[in-house]
Structures are given as structure tokens and as C-alpha cells.
Amino acid sequence: MSAPRRVIDCLVNVHFGETAVQPQFMTKVRDDYFKGPASMFDPVELNELLDEMDANGVEKAVLMDSLAKPSVTARSFVDQRPDRFSLAMGGVNLLRPVAQLRELTALAADLPITYAVVGPSFWGDGQYPPSDAVYYPLYAKCAEIGLPLCVNTGLPGPPIPGEVQNPIHLDRVCVRFPELKLCLIHGADPWWDIAIRMLIKYRNLRLMTSAWSPKRLPAELLHYMRTRGTEKIIFASDWPVLRQNRVVPEANALDLPPEVLDNYLYNNAQQFFFETQEQ
């Protein structure tokens, strides 16, 4: 039996269990959108996650964290196993950015932060598309300190406004911030064609398939991965919304050439998120 392929899981949630009562939109996502078990929001044990990672060849996982509400679990896991875990930092108050960006800069110097993250539909009542100037301090800071930035794209699962997550809003951003390492996360449904066209157009842009079952990825994205986009698409689970036990085998079963699959599961994330940091 051959060894499992090397995998980097670029988006894992271990903080859900820290919230006693989940907001209604989160339970609706679990029950109506993903039809997940009630245990989706239970606390997570370190060994439980490591066992699932080991079973699926996942060498590294990026854990969600927040400036607004730091995750005790995520930071504990990083402290205990810095060889296996790093952080994704969200929660920047873009309406009062100066102090927040000082804090992000200090944390990036002190903690293993792989990327910053922002979800346009999830703050400000979904009023601000990523082309709005309110994001520009974050873009400039991430470019300045060499920190990749991930931006939610595609219609969100919760019943909140989604138009601001059309990837076309990042077109002007890529033009104005070519130094910024930028990644679309959670796919781009129903705007896959726009996202692919932008990935072709901009060298600094990537797309992460977090929260997407690999067997549900659209044919046009798989075609792009086989052709012009061999280095552009990055794997992630959005664990425990989608478990590694499900999505890694599904990814391995995709009709992709071995070198393309290796890029998708490991090499693209290693190059985009980690190589500069490790030099």
C-alpha cells in the first residue's frame, strides 16, 4: 500500500467549541447548508485532530484565530505543536484600523501567522465590497510586512448579503496592490468563470477550495487546474464543517494528473504561504 500524498490543510476551525451558544446563522449553516451533526461545534482535543491529520497525510494545518476574539484552543495547539500548526488571523476592525494593524504587525512578528483573513459578507452588514477604500490600510499593511491575505469569495452559506463577495471586486485591488499576495477562499460560486479569468490575469492571486467538497468542484475549475492553473489552486477543508476524513480521499479521487494533484494538495500552499516565511 502506497503512502498517502502529502497534504497541507490551509483552513481548520478549532475555535467553535469555545462559544457556549452559536449564533443562529451558524446553526442554520450547519443544519440547512452542510447538514452537519450537532457535534460540529463541540470542543476539539489536540490528539483527535492530529489523529485525523495523520490518517490522511496532512502534515500542516492552518488554524483560524481572531484579533477580536483570540482563540485559546488555536494558540494552545500552536504552542504545543508548532511543527504541525500555524494561524490565520481575522477580526481586524477595518473601520478603526490603525491600532488594529499595529496589533496585527506585532502578532505577525511573534506568532506563526500564515495569513490574514477577511470576509466581506461577515462584517459591516455586508456593505463594503473589497474594492472599497476601507480595506486599503489592510492591503497596504499586509503587502508591507509580506503577509498573505485571504478574502472570502462566493455566496456565503449563512443568510447574509453575498454580492460583496463577487470576486470581480478584487480586480481593482490586484491592479493597485501587485505586491500583495492575495487568495480567494471558500471557492467562488456562482462566479467561478470570473475567478478563473482573474487567476489567469494576475500573478499574485490564488484560490483556495475551503468549504468545498472536492467531488463537487465545477468542471471548469478542474479543467483550469489541469491546464493553465496548475500552480494556482490550494486545498483546504474548513474542518470540522468538512472533515479531512471526507475531503482528502475525495481530492485524491479527482481525475487529475499526479503532479497536478500534488500541487493542489501540498506544493501550491507550501510555495504561496510558507516558503518565504521559512527562509
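In what follows, every heavy atom counts, from backbone to side chain, and hydrogens, waters and symmetry copies are set aside. Just so you know, these numbers come straight off a predicted model, no measurement behind them.
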#### Entry: Main-chain N/O of Ser237 paired with Asp9 side-chain donor or acceptor, under 3.5 Å
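Answer holds: yes.
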| task | Answer yes or no: is there a donor N or O on one side and an acceptor on the other, between the side chain of Lys232 and the main chain of Leu205, under 3.5 Å? | result | yes
Decide yes or no for [X] and [Y]: does some side-chain heavy atom of the first lie under 4.5 Å from some side-chain heavy atom of the second?
| X | Y | value |
| --- | --- | --- |
| Glu144 | Lys141 | yes |
| Ser86 | Phe273 | no |
| Trp191 | Ile196 | no |
| Pro120 | Tyr128 | no |
| Phe16 | Thr73 | no |
| Arg226 | Thr230 | no |
| Asn204 | Lys181 | no |

Ion pair check, [X] and [Y], cut-off under 4.0 Å:
| X | Y | result |
| --- | --- | --- |
| Asp83 | Lys60 | no |
| Arg5 | Asp262 | yes |
| Glu52 | Arg243 | yes |
| Arg84 | Asp54 | yes |

Among residues at least two apart in sequence or on other chains, which ones pass side-chain hydrogen bond (donor to acceptor under 3.5 Å, both in side chains) with [X]?
| X | value |
| --- | --- |
| Asp65 | Arg75 |
| Glu250 | Ser213, Arg246 |
| Arg197 | none |

Using the side chain to side chain contact (heavy atoms under 4.5 Å, CB included) rule, take Leu107 and Leu67 through it: C-alpha gap first, then chi angles, then the decisive distance, then the call.
CA-CA 9 Å; Leu107 286 175; Leu67 289 179; 3.2 Å; yes
**OP:** Classify the angle between the aromatic ring planes of Tyr135 and Tyr139 as parallel (below 30°), tilted (30 to 60°) or perpendicular (above 60°).
**Re:**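 Plane angle under 30°, so parallel.
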Practice problem: Please step through ring pair (Phe, Tyr, Trp, His ring centres under 6.0 Å) for the pair Tyr266 and Phe235, ending with a clear verdict. | Solution: CA-CA 8 Å; Tyr266 186 91; Phe235 171 81; over 10 Å; no
Of all heavy-atom pairs linking Gly162 and Ser121, the shortest is CA-OG, 3.6 Å
